[in-house]
Protein chains: 2
Amino acid sequence: MPIAPSGGVSYNRLLAALPEDGFKRLGPHLELIQLQLGSILYESGDHLQYVWFPTTAIASLQYIMEDGASTEVASVGNEGVLSVSLFTGSAVPPSRAIVQTGGYGYRIKVGVMLEEFHRSELLQRLLLHYIQSLIVQISLTAVCNRHHSIEQQLCRWLLSTINRQLSNELVVTQELIASMLGVRREGITEAAGNLKDAGFINYRRGHITVLDRAGLETLTCECYQVAKKEFGSLLSMYATTGHAHSQACSKK
Amino acid sequence: MPIAPSGGVSYNRLLAALPEDGFKRLGPHLELIQLQLGSILYESGDHLQYVWFPTTAIASLQYIMEDGASTEVASVGNEGVLSVSLFTGSAVPPSRAIVQTGGYGYRIKVGVMLEEFHRSELLQRLLLHYIQSLIVQISLTAVCNRHHSIEQQLCRWLLSTINRQLSNELVVTQELIASMLGVRREGITEAAGNLKDAGFINYRRGHITVLDRAGLETLTCECYQVAKKEFGSLLSMYATTGHAHSQACSKK
DNA sequence: CTCGTTTTGTGCGATACCGCACAGACAGGA
DNA sequence: TCCTGTCTGTGCGGTATCGCACAAAACGAG
């Protein structure tokens, strides 16, 4: 069961969980914009200008080290929101957010968002709950980095990515995956080769197609299931309200 | 500059940052209790009964895997609070909390705490800000697990532990450190041997003494400095109020 | 179609860490 | 005091990953 809903993916599930009136107040300030692969939404240390709610895009939260090496600590799709440090009290994020899968998302100015955050208790509950899921996701990354093989982590990464999109084809180079997982590119090449030999995926220059999701699930580590369950429980808690399909708003 | 204050350590710095009236409401419900090395405050999946504010004790937040292997994702001393998932909306924590350094701490029933959390905006701000620091700490664990050597991580662990206590002697076995870092015991033995040869630490069966903090700082990775800075900025934001030395209350 | 650039494949030695086995050293209780 | 269980030291082969170097293949622009 994929995290992505079966019917229509052009909305953000956190926004969709808002009640009618709460959504009405945010709606006029939401801007639908295109998020291009590789574009940086914010850098560690920036002063945040916007809060993003991805719809079809996926972003990656990364820590960049002094020597330039990077590690993804979490990723955010249409189940989440970017700039969470704003709600925990700091307009200066500790990580970088970079678009990992191109697509669309809504953005809203921090001022408007913060005001509504303080006004609406439900919005607070929703966002705090999302932060909880994020903490779990980051914790699992820590565990996974310690204990699991590159192949297992690649499976997890592939699965959690296709779960957030409709297509089972990813537009991404092995080099990029490597930099997100914080490993060598050759390590990804080898692991991907194994998965290809097993018939679970296929790929060509800059594209990966998942052929057998269940196969990948047999190879990946427990972290994948735990993370999926965490987000599942988050989202099932807030029944989707009727306006899910009417997130149309000022388009940029 | 250690995180622990120079004068007196028998209070919790988050509690100390509360204004007079906010603290007065919590005070009567705070119970000072002893936290023994190795005791488990909560397990992943438990229903939380208490919120803890360590004073001299230090707790470790761990993820336990199916095969029993564990990884510490963060640790909490007198700069923090345990059971944070309560504030983000779930009375069921995702991790285990175990006492890593014996000592004292305050506990308070979740009901009282939640009520005050919703009443006091400052308390909310404070706790959310702490959650922010926690996220940074967990993220750094993820980065560290990926990129840094056991020796570097051991240095970081030793430093962040003595920074939270007055003494520079730790009561802990190498076996325990290994299980927290998620590595082999022999790996710790070897790294500790190197640090001893370098004259930075000394140790005997179950005890480690830090002799040269600056020496350890030269060996550890950047994660240590980043984490320290994060907590420093958190705590400097909330000036200690006058009641810091009067956290006396119903003693168990 | 060709050329140049980007992406992927492969080989190799070096290294860090693991898993296991067991020896030695210490500490606290009988 | 000795004894016993716990903790630490050490050796050794196995493995995953790294770092580097370069070859081969794929794609896109001209």
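Predicted, not measured: the structure shown is a model, and the values here were computed from it. A note on names: the letters A, B, ... follow the listed sequences, proteins ahead of strands, and every chain is numbered from 1.
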Nearest-nucleotide comparison on DNA chain C, the residue closer to the 5′ end among B:Arg204 and B:Arg185: B:Arg185
task: Evaluate the criterion side-chain hydrogen bond (donor to acceptor under 3.5 Å, both in side chains) for residue pair B:Gln62 and B:Ser70; output intermediate values, then yes/no.
output: CA-CA 6 Å; B:Gln62 308 182 327; B:Ser70 62; 4.6 Å; no
- prompt: Touch check for A:Gly206, heavy atoms < 4.0 angstrom, all strands: base, sugar-phosphate only, or nothing?
  reply: sugar-phosphate
task: Give the rounded distance in Å between these two atoms: CD of B:Glu151 and P of C:dA16.
output: 10 Å
task: Run the salt-bridge test on A:Arg96 and A:Glu43 with the 4.0 Å N-O cut-off and return the result as yes or no.
output: yes
message: Quick check on DNA chain D: between A:His148 and A:His207, whose nearest nucleotide comes earlier from the 5' end?
response: A:His148
field: Nearest listed nucleotide, side chain of A:Val183, among D:dT6, C:dC17, D:dC18
entry: D:dC18
field: Whole-Å gap separating P (D:dG9) and CG (B:Asp197)
entry: 10 Å
query: Distance check: side-chain N/O of B:Gln174 vs OP1/OP2 of D:dG9, anything under 4.0 Å?
result: yes
- prompt: For the pair made of CZ in B:Arg205 and P in D:dT4, what is the distance, rounded to whole Å?
  reply: 15 Å
query: Would you say B:Asp46's side chain and B:Leu48's backbone share a donor-acceptor pair under 3.5 angstrom?
result: no
- prompt: Does OP1 or OP2 of C:dC26 have a side-chain N or O of B:Tyr203 closer than 4.0 Å?
  reply: no
message: Would you say B:Thr189 and B:Arg185 are linked by a side-chain donor-acceptor pair, where the criterion is simply a distance under 3.5 Å?
response: yes
task: Kindly point out which of D:dA26, C:dA27, C:dC18 is positioned nearest to the side chain of B:Ile150?
output: C:dC18
Whole-Å distance separating the CG atom of B:Leu154 from the P atom of D:dT8: 12 Å
query: Atom CG of B:Asn145 to atom P of C:dC18: distance rounded to whole Å?
result: 11 Å
query: Please give, in whole Å, the distance from D:dT17 P to A:Asn194 CG?
result: 11 Å
- request: Verify the contact: side-chain N or O of B:Arg184 to OP1 or OP2 of C:dC17, cut-off strictly under 4.0 Å; return yes or no.
  value: no
query: From the list C:dT10, D:dC7, C:dT7, which nucleotide is the closest neighbour of the side chain of A:Thr189?
result: C:dT10
field: Whole-Å distance separating the CD atom of A:Glu186 from the P atom of C:dC12
entry: 15 Å
message: side-chain hydrogen bond (donor to acceptor under 3.5 Å, both in side chains), that's the test. Do B:Ser85 and A:Gln132 meet it? Break it down for me.
response: CA-CA 7 Å; B:Ser85 76; A:Gln132 173 65 23; 4.6 Å; no
message: Quick check: any donor-acceptor pair below 3.5 Å linking the side-chain of B:Glu190 to the base of C:dC17?
response: no
message: Whole angstroms only, please: what is the CD-P distance between B:Glu175 and C:dA27?
response: 18 Å
